[in-house]
Amino acid sequence: MNKKTTLILAIILGVTAVVSIVSAFVTASAISMAHFYGLPYYLLSELIKLIGQGNTFKNIIGWILLAVFGLAPAVYPTINVIKEKKISTISIHWFVFTVIHFLALYFYINPQEILPEEFFINKDLLEVAKTGIAITTYIFIITILVCKSHFDINKDENKATTYALVIAFIIAIVSVFSGLYVGLRNAVNQINSVKGLEDSASIVTLRIIEFIIYIAPYVFGVIASFKLISVIEEFNKNCFGDELEKKIESLSKYVFLLILLVLGSTFLTNVLEFISSRVTLSVHSNININLPLILSAFLLECILSFLRKAISIKKENDLTI
Amino acid sequence: MAIKVDLEKQLEKKKMTSKQLCALVGITEANMSILRSGKAKAIRFSTLNAICFHLDCSPGDILSFDGKEYITDEEE
């Protein structure tokens, strides 16, 4: 990954952190959004609880998992310190990060051990605390990424920064797939709420179909983002190549397909909601959501026509003697 | 392309190889090959000037129109 991309990644994480902090303090209702950014820790803590069968403090497996996940960032700096027999600045940075990361994970698993009772009376305060500790760990990753993008660091320290990139990548992946998680959780909640009622089997089937319809465009959206990454890579490699033209053309067709999928999914969801006699969704909100997608598809087509012209001019120029 | 480039006659007349002409004109052998094979889309006046100067001929001696229909860039 080059310096420019690393800096962009750091900026994205930085903006995420700022938005989270602001949204957490401006209004209590926006806390759910702030909590969204603490989701990687939440999911990891839920996983440890699940495998450790409950509270970590009652179970040796839980403790082992906490140690493995919590102390993982310290592995490389420790090996490096033993090998080099000296502590570099970035190693100290990583040790401090490991402590905060471990505490964050411990806190997510068992908040009542750390926080006073007031935090549990006011749930908003608990959410702010959870988000705050997650963002603190992000800030450490951001500083490491900024160091990598701005200063010439030696080979060993460069290896250490790869850790930051791996963690940033995990955060990005978890953030992307959290949409799937939220959809799944809602579907499971809805299914649980109708269990035991009359005709529950048909309602459960309906919810499952609804979930699949909800998920389909989302999955296609994730694939589209990977296609976009490959377009950016190709652009950096050869911006006047035929390969780039093919990739943009494929992405543009894909976005149009995505629009159809989103529209189809919205329509089917509305129909299903109507069948199950629930309140129908507002059509206006769906149109608003799809507009940026439609505009981006036309923008891609526009870029494609410019690129085609540029490629033909470049070819002609190459064949001018 | 209906415009044909024929360097062979002039090269023969001057007892010169295309490699020597490349060196004199200042173009690469790859570009000379494009020019001779008829794949070239355009030729700069400066290049044409240099070729004519070193082969001691006029543009009409190396360029000809085969009389076939007019083909646009898009059609090509």
Side-chain angles (χ1 to χ4, degrees), chain A residues 2 4 223-224 226-260 291-321, chain B residues 1-11 14 16-66 70-76:
Chain A
N2 62 27
K4 212 173 169 184
I223 297 168
F226 280 108
K227 275 179 173 277
L228 186 64
I229 290 168
S230 92
V231 165
I232 294 165
E233 277 175 0
E234 188 60 40
F235 188 84
N236 288 332
K237 231 191 281 173
N238 182 12
C239 63
F240 290 116
D242 288 335
E243 197 59 32
L244 182 67
E245 188 191 332
K246 275 182 202 160
K247 282 190 173 177
I248 292 181
E249 197 173 1
S250 142
L251 181 67
S252 131
K253 279 178 187 162
Y254 207 82
V255 174
F256 276 115
L257 179 74
L258 199 61
I259 293 166
L260 290 177
L291 260 178
L293 200 60
I294 294 164
L295 285 177
S296 61
F298 282 111
L299 191 68
L300 269 176
E301 279 294 306
C302 192
I303 291 169
L304 191 63
S305 64
F306 277 123
L307 190 74
R308 276 189 184 134
K309 191 77 193 159
I311 289 171
S312 85
I313 290 170
K314 171 86 169 47
K315 273 183 183 166
E316 202 170 301
N317 192 46
D318 287 345
L319 290 173
T320 299
I321 315 296
Chain B
M1 183 71 80
I3 301 290
K4 300 285 170 205
V5 180
D6 186 17
L7 289 170
E8 316 306 321
K9 274 184 206 162
Q10 301 303 320
L11 282 170
K14 287 291 276 182
M16 201 187 278
T17 63
S18 65
K19 208 172 178 180
Q20 285 171 321
L21 184 65
C22 283
L24 288 169
V25 175
I27 58 171
T28 62
E29 281 180 55
N31 274 347
M32 179 57 85
S33 167
I34 291 169
L35 194 62
R36 290 173 73 184
S37 64
K39 284 179 188 165
K41 288 260 183 182
I43 183 162
R44 286 189 192 90
F45 276 132
S46 56
T47 314
L48 190 62
N49 190 344
I51 291 172
C52 289
F53 175 78
H54 291 292
L55 290 179
D56 195 19
C57 65
S58 63
D61 297 329
I62 51 174
L63 297 177
S64 62
F65 177 59
D66 69 2
Y70 168 67
I71 303 161
T72 61
D73 282 351
E74 280 73 23
E75 281 168 329
E76 273 184 294

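Reckoned from all heavy atoms, side chains included, excluding hydrogens, waters and symmetry mates. The sequence lines fix the lettering, A, B, ..., with proteins before strands; numbering per chain opens at 1.
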Using a 4.5 angstrom heavy-atom cutoff, name the option from B/Val25, B/Thr47, B/Leu48 with the most pairs to chain A. B/Thr47

Side chain, backbone, both or neither: which part of B/Ile27 has an atom under 4.5 Å from a heavy atom of chain A?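 For B/Ile27, the side chain is the part near chain A, not the backbone.
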
Atom pair CG/CD1 of A/Leu319 and B/Ile34 - distance to nearest 0.5 Å: 5.5 Å

Quick check for you: to the nearest 0.5 Å, what is the distance between A/Ile321 atom CD1 and B/Met32 atom CE?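 Nearest 0.5 Å value for the CD1-CE distance: 9.0 Å.
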
